[in-house]
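The model shown is predicted, which means the values in this text are computed figures rather than measured ones. In this chain, numbering begins with 1 at the start of the sequence shown.
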Amino acid sequence: MTDAFIYDAARTPRGKGRPDGSLHEVTSLALSARLLNAVKERNGLEGHAVEDVIWGNVTQVKEQGGCLARSAVLASDLDERIPGLSINRFCASGMEAVNLAANQIRGGAGQAYIAGGVEMMGRVAMGSDGAAIAVDPSLAMKSYFVPQGISADIIATEYGFDRDQADALALESQRRAAQAWQEGRFDQSIVPVLDQNGLTILDRDEYMRPGTTIDDLAKLKPAFKEMGEMMPGFDKVAMLKYPHLDHIEHIHHAGNSSGIVDGAAAVLIGNEEFGKAHGLKPRARIRATAKIGTDPTIMLTGPVPVTEKILKDSGMSIGDIDLFEVNEAFASVVLRFMQAFQVDPARVNVNGGAIAMGHPLGATGAIIIGTLLDELERQDKNVGLATLCIASGMGAATIIERV
């Protein structure tokens with residue numbers, strides 16, 4: 001089987017995802033094209049250099065609809081002979097784009113791909129696609145659907161995490177993110193967003209709140225308590241599914257959950273021949289990929305079974321992994337991962353995560369792969385695992401190994 005290598009990883013800074021955010025006037029198309037152009041320029045790609053652009057985005061309506069991947073190619077400086085494929089695996093869309101591209105290369109279907117994703121959450125509201133899992137009673141009732149925030153609180157209740165633990169993790173995410181930016185740890189990957197005159201709109205993640213204190217977090221009200229305990233009463237739905245629970249502990253709030261932001265990320269993946277032809281040195285090998293389905297009600301537990309699966313499939317153990325990136329969709333997701341594998345917190349999300357910097361749904365999977373690669377290089381470590389929980393009950397993972 002042909003090896004698939006990562007040659008480059010790039011991302012835009014993450015905007016606030018609100019009308020007052022710096023990227024609010026930038027379309028999904030424009031941000032995607034900006035990043036594709038950056039990958040082209042950074043790596044000297046000319047002509048039909050890559051087989052395809054595989055682009056993840058979750059809410060595929062309005063400006064994010066109509067095969068945004070192909071539109072982005074046409075809006076960019078890439079050769080028009082390069083096609084585009086838009087995919088949606090909810091929060092893992094960006095990772096799935098990378099994994100799909102890698103496996104295409106490993107199977108001999110092309111020498112190189114650009115893969116990643118985008119989400120402009122301030123412009124295309126989450127849920128505005130009217131997804132059946134949430135709104136079609138024939139499916140929602142059968143699957144005991146509850147919103148993701150309730151799912152995160154179910155995890156906390158089921159596995160014994162309290163608010164103090166969740167807030168401590170959130171505070172550490174803010175501290176690590178601030179330190180990472182101060183020390184320039186993201187410099188290799190960041191592509192500033194420019195306006196039509198070439199002036200910088202945004203050159204750093206703007207969602208961060210580095211001055212956050214534990215007292216600030218303690219003042220925040222639980223975000224999902226009312227929807228759980230009052231109408232529509234999602235706690236009752238959860239307890240019908242899990243009768244051993246007599247209540248749901250609502251520990252999550254805006255400060256220990258991922259931020260709603262805008263952003264895009266891209267990874268250039270190719271085989272050895274591609275690198276030689278373009279004078280590029282591979283940075284890492286994509287050693288393994290995996291995905292799995294899980295319980296759709298508790299929903300966000302996927303990182304644990306998909307990590308078990310990818311390790312088993314690869315003949316590896318958790319001790320073979322030097323660093324981990326576990327998307328901080330909610331604090332309990334990361335707490336459960338660390339509990340399940342007894343991993344040192346110092347090896348997980350070294351530079352903070354989505355609680356501090358935000359979670360642009362379709363882009364995050366590619367972002368954390370790039371962040372993981374940068375950190376492996378910074379620490380001179382070899383093997384890293386990135387994983388995400390996924391809406392409706394799934395998990396995805398990627399193992400990369402420096403070369």
Side-chain angles (χ1 to χ4, degrees), residues 14-18 21 58-59 90-92 119 121-122 125-127 134 146-159 161-178 205-210 212-229 234-235 238 248-263 297-303 325-339 348-349 352-365 367-368 387-393:
R14 286 166 274 198
K16 287 182 179 178
R18 299 195 303 263
V58 174
T59 310
F90 295 123
C91 299
E119 205 77 32
M121 300 180 73
M126 181 170 53
V146 298
Q148 288 188 25
I150 300 292
S151 299
D153 286 337
I154 297 172
I155 292 173
T157 307
E158 181 70 41
Y159 294 101
F161 306 124
D162 61 29
R163 176 155 169 170
D164 287 345
Q165 290 173 289
D167 286 357
L169 186 145
L171 190 68
E172 182 65 5
S173 180
Q174 294 283 356
R175 187 195 69 77
R176 293 183 182 188
D205 294 324
E206 69 175 344
Y207 183 81
M208 295 187 301
R209 298 176 176 85
T212 299
T213 67
I214 203 70
D215 290 337
D216 294 330
L217 296 176
K219 294 173 184 177
L220 298 175
K221 295 181 179 179
F224 311 104
K225 183 179 177 68
E226 185 171 336
M227 72 169 63
E229 297 179 352
F234 285 110
D235 284 7
I248 305 298
E249 290 284 350
H250 292 289
I251 70 167
H252 289 94
H253 51 73
N256 59 27
S257 307
S258 56
I260 294 174
V261 296
D262 305 321
T297 305
I298 198 169
M299 194 184 310
L300 307 176
T301 55
E325 283 288 324
V326 183
N327 184 39
E328 294 176 353
F330 298 90
S332 64
V333 174
V334 183
L335 290 170
R336 172 58 188 149
F337 182 89
M338 293 190 294
Q339 178 192 65
V348 180
N349 300 347
I355 289 174
M357 293 174 285
H359 174 21
L361 307 178
T364 299
I367 289 175
I368 65 173
T387 185
L388 303 92
C389 61
I390 308 173
S392 78

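- Residues that satisfy the side-chain contact (heavy atoms from CB on, under 4.5 Å) test with Ala331, not counting sequence neighbours, are Ala166, Leu169, His252, Asn256, Ile355.
- Using modelled atom types, no side-chain atom of Gln174 and backbone atom of Leu171 make a donor-acceptor pair closer than 3.5 Å.
- Note that OG of Ser258 and OH of Tyr207 are 7.5 Å apart. Values are rounded to the nearest 0.5 Å.
- By the neighbour-count criterion of 12 heavy atoms within 6.0 Å, atom CE of Met227 is densely surrounded, having more than that number from other residues, nucleotides or ligands.
- For Glu226, the CD atom is loosely surrounded, since the number of other residues' heavy atoms within 6.0 Å does not exceed 12.
- Glu119 contributes a side-chain N or O that, together with a main-chain N or O of Thr59, makes up a donor-acceptor pair within less than 3.5 Å.
- The backbone N or O of Lys16 sits less than 3.5 Å from a side-chain atom of Glu206, completing a donor-acceptor pair.
- Residue Ile260 places its CD1 atom among 12 or fewer non-hydrogen atoms of other residues, nucleotides or ligands, all under 6.0 Å distant.
- For the pair Arg14 (side chain) and Gly358 (backbone), a donor-acceptor distance under 3.5 Å is present.
- Proximity of a side-chain donor or acceptor of Thr157 to a complementary backbone N or O of Glu249 within less than 3.5 Å is detected.
- From Lys225, atom NZ reaches atom CD1 of Ile248 across 11.5 Å, with rounding to the nearest 0.5 Å.
- Annotation: the span from Met357 atom CE to Ser173 atom OG amounts to 6.0 Å, rounded to 0.5 Å.
- The salt bridge (charged side-chain N to carboxylate O under 4.0 Å, His left out) search around Arg209 returns none, not counting sequence neighbours.
- Taking CG of Asn327 as the start and CD1 of Ile390 as the end, the distance is 10.0 Å to the nearest 0.5 Å.
- Side-chain contact check for Arg336 versus Pro303: every heavy-atom pair is 4.5 Å or farther apart.
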